[in-house]
Every structure is written in structure tokens, then in C-alpha cells.
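Everything below concerns the one structure shown next.
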Amino acid sequence: VAIVLIATLGGVVIVRRNSDQQPIQVKAVLFGLYFWGLAFLQLLIISGGYYLVSRHEERSERATSSIVRNNTATEMLRT
């Protein structure tokens with residue numbers, strides 16, 4: 001929902017700022033292009049962030065399980 005709102009507001013602002021003398025049909029087409037462009041850009045940014053966060057969590061889990069395995073092996077060697 002937030003992506004749609006941001007893309008809509010961005011499209012309206014860009015069309016109003018850049019097309020003073022153009023007919024309404026041209027403004028409508030430009031709004032559609034700006035809307036979908038902004039929506040796609042937001043989806044790319046969000047998916048990139050999700051990828052980086054999930055990769056970081058995966059590394060943390062591997063590091064934690066490695067530490068647990070090493071501690072277990074050390075405990076077994078001591079006994």
C-alpha cells in the first residue's frame with residue numbers, strides 16, 4: 001500500500017512540475033510512466049534490502065552454529 005501511495009504522489013508531483021503547457025492526455029500518459037517507474041524502483045530497493053538482511057541473518061546463524069559445534073567438540077575432547 002505504501003509503494004502505491006509513494007508512486008502516486010511522486011507521479012503527480014513530477015507531472016505537475018515538468019509539464020506546464022501539455023494537454024491532459026500527455027499528462028496522463030506521463031503520470032502512468034512515472035508511477036510505474038517509481039513503483040518498480042521502490043520494489044528493487046526493497047527486494048535488495050530484503051536480500052541483504054536475509055544474507056546477514058544466514059551468516060549470523062552459520063557463525064552461531066559453528067561456535068556451538070566448536071564448543072561441543074572442545075567439551076568432548078576435555079572429557
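Just the heavy atoms: all of them, side chains too, but no hydrogens, waters or symmetry mates, feed the values below. Predicted, not measured: the structure shown is a model, and the values here were computed from it.
The hydrophobic cluster containing Leu43, built from Ile/Leu/Val/Met/Phe/Trp/Tyr side-chain heavy atoms closer than 4.5 Å, also comprises Ile3, Ile46. Through direct or indirect side-chain contacts shorter than 4.5 Å among Ile, Leu, Val, Met, Phe, Trp and Tyr, Leu52 is connected to Tyr51. Under the 4.5 angstrom side-chain criterion for Ile, Leu, Val, Met, Phe, Trp and Tyr, the cluster partners of Phe40 are Leu44. Connectivity analysis of hydrophobic side chains (ILVMFWY, heavy atoms under 4.5 Å, direct or indirect) links Leu5 to Val1.
Heavy-atom minimum distance, Val15 versus Tyr34: CG2-CD1, 3.6 Å. Taking all atoms of both residues into account, the shortest heavy-atom contact from Ala7 to Ala39 is CB-N, 4.0 Å.
A search for side-chain contact (heavy atoms from CB on, under 4.5 Å) contacts involving Arg59 returns Arg55, Arg62, not counting sequence neighbours. Partners of Val26 according to the side-chain contact (heavy atoms from CB on, under 4.5 Å) rule, which considers only residues two or more places apart in sequence or in another chain, are Gln22, Pro23, Leu30.
To the nearest 0.5 angstrom, Phe31 atom CZ is 10.0 Å from Ile14 atom CD1.
When hydrophobic clusters are built by joining Ile, Leu, Val, Met, Phe, Trp and Tyr residues whose side-chain heavy atoms come closer than 4.5 Å, directly or via intermediates, Leu38 is not grouped with Val13.
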